[in-house]
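A short worksheet on the structure shown next.
Proteins get letters first, then strands, A, B, ... in listed order; numbering begins at 1 in each.
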Number of protein chains: 2
Amino acid sequence: MKTKGPKKADATRTKIVDIAMRLFLDQGFEKTTMREIAAAAGLAPGAAYYHFESKEHMVFDFYEMSYQKHLAEAEEILNTENDLAKRIAGEIKAHLKVSEPYFEISKVLFRIAADPMHPVSPFSKESKALRDRNIELMKRCLDGQRLDKDLAAKLPELLWMFKMGMILYWLHDLSPKHAKTYRFVDQASALVATLIQLSKLPVLSGFSKKAIAIFEEYKIF
Amino acid sequence: MKTKGPKKADATRTKIVDIAMRLFLDQGFEKTTMREIAAAAGLAPGAAYYHFESKEHMVFDFYEMSYQKHLAEAEEILNTENDLAKRIAGEIKAHLKVSEPYFEISKVLFRIAADPMHPVSPFSKESKALRDRNIELMKRCLDGQRLDKDLAAKLPELLWMFKMGMILYWLHDLSPKHAKTYRFVDQASALVATLIQLSKLPVLSGFSKKAIAIFEEYKIF
DNA sequence: GTCTATAACCGGATAGAC
DNA sequence: GTCTATCCGGTTATAGAC
């Protein structure tokens, strides 16, 4: 799954991913056949399976690659924006923006996500490294906030789940250019930011402490 | 998709569902082939496709049937329990309990759910009737609560989504008998009930009004 | 031990005959 | 409304080349 040392023909692997992605983008994931991918890469069908366990696994490789673009986009916001709501919304919109060309491929990933044990699911062990890097980005959104220790520890993970929810919304969004989702992200992020501030109020601090404790007890990864 | 009038050979349709479900329960959804189902029903493989668009569509029929059992279980709690948290938890646990034998089949439904346009998705137009009946049950959980009008109107839908979240957790739960999920439902429902009460506080009423308005604006069905 | 090629297998789905 | 014949595409087995 990893491109470890620059061995002889990772070139082949990379070539396959590149070709597969172009084909997926052109024709869609379902429409593109393994035979097609292999042929375009100058390989026999079976050969592709030496490099990738399944068609879905090709998507994962590519998903990892797109994180780099996401990071670059997010970096810009995190270095300039100070408002919490806008930082959160910015991180999420950066993710969506970068993923926009891969909208249909993202659907495939989310279909897999519903299958908890699938290695390619965002919730799986195998995805941990990538997920952690994304959670780290959420943590950076909170830079400069004065927060209760337990809350500060748990919040990035909760924000990551919030982002997953936004992505699910995006996948359902039929509005032109998914404009509706982007507006929703702005407004929902503002709500979340408000909620984070409100959680500091005495009336709510008991509640939020308890909520955090429960999420910690029933965590899923 | 509906069993409308008791026409000639709905019998066949029913027979197929019965057989398919037994096979799914015995061997799992993936393992069971259309050929097997058709053979067991005394039909040719292609014939089954006259009655059902796909293997997945068989699950939907069956899911509708299981609602009746869920309703009966939920009814009992709703008629006897007065505490809000327990009513919500009870409704959800009734759903899970009834679905327990169909755990693996439920995974199939959720995998489909991630594909927004799939007719069998719980979010789809086609599922509206069933979804509405489930939302209605959530509304009944709130009987006896004094709530703001807008909140009262929107809350059942939000609680339904909360239930979807709990079901997703259940699908990931590896603990024996999914005991962890049942405890989580209890505690999370208590949090939700508390939150509903808190939302009446002056400090929060503005926030909750705004949240409801946003959810209304960006609703998905 | 790393990689490739060929030839199947298997099961979901479809076309069209009856 | 049911069947037969067939397609199609993901996947696997096998056999080897470098």
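Atom-to-atom, OH of A:Tyr50 to C1' of D:dA17 comes out at 13 Å; the value is rounded to the nearest Å. Rounded to an integer number of Å, the gap from A:Glu36 CD to D:dG10 P is 9 Å. In this structure, the NZ atom of B:Lys31 is 13 Å from the P atom of C:dG12, given to the nearest Å. Rounded to whole angstrom, the span from the CZ atom of B:Arg35 across to the C1' atom of C:dA13 amounts to 9 Å. Rounded to whole Å, the distance from NZ on B:Lys55 to P on C:dG12 is 4 Å. Straight-line distance from the CE atom of B:Met34 to the P atom of D:dT2: 14 Å, rounded to whole Å. Taking atom NE2 of residue A:His57 and atom C1' of nucleotide D:dT11, one finds them 14 Å apart after rounding to whole Å. Summarising the geometry, the separation between OH on A:Tyr49 and C1' on D:dA13 is reported as 14 Å, rounded to the nearest angstrom.
Side-chain proximity of B:Pro45 to the nucleotides C:dA5, C:dG12, D:dT4 is greatest for D:dT4. Comparing D:dT2, C:dA13, C:dG12 against the side chain of B:Ser54 picks out C:dA13 as the nearest.
Neither OP1 nor OP2 of C:dT2 sits under 4.0 Å from any side-chain N or O of A:His51.
Between A:Glu217 and B:Arg183 there is no salt bridge, since no side-chain nitrogen of the basic residue lies less than 4.0 Å from a carboxylate oxygen of the acidic one.
Other residues, nucleotides and ligands contribute only 12 or fewer heavy atoms inside 6.0 Å of the CD atom of B:Glu76.
Comparing A:Glu30 and B:Gly46, the nucleotide of DNA chain D nearest to each residue sits closer to the 5' end for B:Gly46.
Between A:Glu73 and A:His95, the side chains place no donor N or O within less than 3.5 Å of an acceptor N or O (distance only, hydrogens not considered).
Using cut-offs of 30° and 60° for the angle between ring planes, the B:Phe24 and B:Phe29 rings count as tilted.
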